[in-house]
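Here the structure is laid out as structure tokens; the discussion comes afterwards.
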Amino acid sequence: MAEDTSSHKMVATNHRRSRTKFTEDQLKILINTFNQKPYPGYATKQKLALEINTEESRIQIWFQNRRARQRFQKRPEADTLESSQSQRQDQPGVEFQSREARRCRTTYSTSQLHTLIKAFVKNPYPGIDSREELAKEIGVPESRVQIWFQNRRSRLLLQRKREPVASLEQEEQDKIPEGPQGIEDTQNDSNFSNDSHFSGARTW
DNA sequence: GTCCTAACCTATTCAGCGA
DNA sequence: TCGCTGAATAGGTTAGGAC
């Protein structure tokens, strides 16, 4: 969907995923589940994904957005200092219920990490095409690649805040000299050292 | 053009695993 | 036990598409 028609601000292949259009039936099932469990565990999300024939990662995003919307709608009357404080503590506005199990931790092999890091150095903000290509290359779901990039960016930022000089050196080291397998990513959008990437103003 | 909402971001926290 | 790092969250922004 997201075609490359926008003349100036799009860098080759740095696209978002195209918007998912849920059917009425799919939404009915999602909303029903959300009303019972706004924080579904991995098993529930998998089951839902199977049931409505979509990816588990889409379910996850849908729940994230739905919770955000609900918080927003509830906010006006619950906006006292008191209530906002009571909403913290990891159970944001939801009656506490024992959380379902998370997804199992993914363990990346050295060569998988090598591939990911190499791609990260080239472009820390890969679009859907690049992520899918990478995912295929290292044999993990695209959603895991996306999470890996998020975590990597966050930790690099954190590191930079704490030790600005050392992190620059680390970046240099990260520019891995040679790798067993390469990625021929066409993105040249980024050098992570360009801080504009962190200003919140992403240009796609 | 406006509105709704999926996709995506950072910041932070939780939690599994190996040293 | 502790540090590293994958997973999940809140809260925010961007942008596709229906109207």
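This is a predicted model, so every value here is computed, not measured.
At the phosphate of B:dA6, OP1 or OP2 sits under 4.0 Å from a side-chain N or O atom of A:Trp62. Between A:Arg144 and C:dG6 there is no side-chain N or O to OP1 or OP2 distance below 4.0 Å. Within the 4.0 Å cut-off from OP1 or OP2 of B:dT5, not a single side-chain nitrogen or oxygen of A:Lys21 is found. Taking 4.0 angstrom as the limit, A:Arg71 places none of its side-chain polar atoms (N or O) nearer than this to OP1 or OP2 of C:dT9. The shortest distance between the side-chain N/O atoms of A:Tyr108 and the OP1/OP2 oxygens of C:dC4 is not below 4.0 Å. For B:dA6, neither phosphate oxygen OP1 nor OP2 lies less than 4.0 angstrom from any side-chain nitrogen or oxygen of A:Arg58. Taking side-chain N and O atoms only, A:Ser18 has no distance below 4.0 Å to OP1 or OP2 of C:dG16.
Contacts of A:Arg105 with the nucleic acid, taken as non-hydrogen atoms under 4.0 Å apart, include base atoms. The residue A:Arg66 sits apart from the nucleic acid: no heavy atom pair falls under 4.0 Å. Using a 4.0 Å heavy-atom distance criterion, A:Gln146 is classed as a sugar-phosphate-only contact.
A donor and an acceptor atom never sit less than 3.5 Å apart when one is taken from the side chain of A:Arg152 and the other from the base of C:dT5. For A:Arg16 and C:dT14, a side-chain-to-base donor-acceptor distance below 3.5 Å is present, hydrogens and geometry of angles not being considered. Judged by distance alone, with hydrogens and angles left aside, A:Arg67 brings no side-chain donor or acceptor close enough to the base of C:dG11 to form a pair under 3.5 Å. With hydrogens and angles ignored, a donor-acceptor pair closer than 3.5 Å exists between the side chain of A:Arg102 and the base of B:dC14.
Nearest to the side chain of A:Thr20, among C:dA7, B:dA6, B:dA11, sits B:dA6. Residue A:Gln150 places its side chain closer to B:dT10 than to any other of C:dG6, B:dT10, B:dA7. Of the candidate nucleotides B:dC9, B:dA11, C:dG6, B:dA11 has the atom nearest to the side chain of A:Ser154.
Closest approach of A:Ser57 and A:Ser143 over heavy atoms only: CB-CB, 3.6 Å. The minimum heavy-atom distance between A:Asn53 and A:Gln26, with the atom names listed, is O-NE2, 4.4 Å.
Summary of the strand contacts: A:Phe22 and A:Arg155 both lie near DNA chain B, and taking for each the nucleotide with the nearest heavy atom, the more 5' one is attributed to A:Phe22. Nearer the 5' end of DNA chain C, as judged by each residue's closest nucleotide, is the contact made by A:Thr106, out of A:Asn65 and A:Thr106.
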- Step by step, would you call A:Arg153 with A:Phe120 a side-chain contact (heavy atoms from CB on, under 4.5 Å)? CA-CA 9 Å; A:Arg153 286 193 301 262; A:Phe120 184 85; 3.6 Å; yes
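The aromatic rings of A:Phe63 and A:Phe34 sit tilted, their planes meeting at an angle between 30° and 60°.
By the 4.0 Å N-to-carboxylate-O rule, A:Lys47 lies too far from A:Glu56 to be salt-bridged with it.
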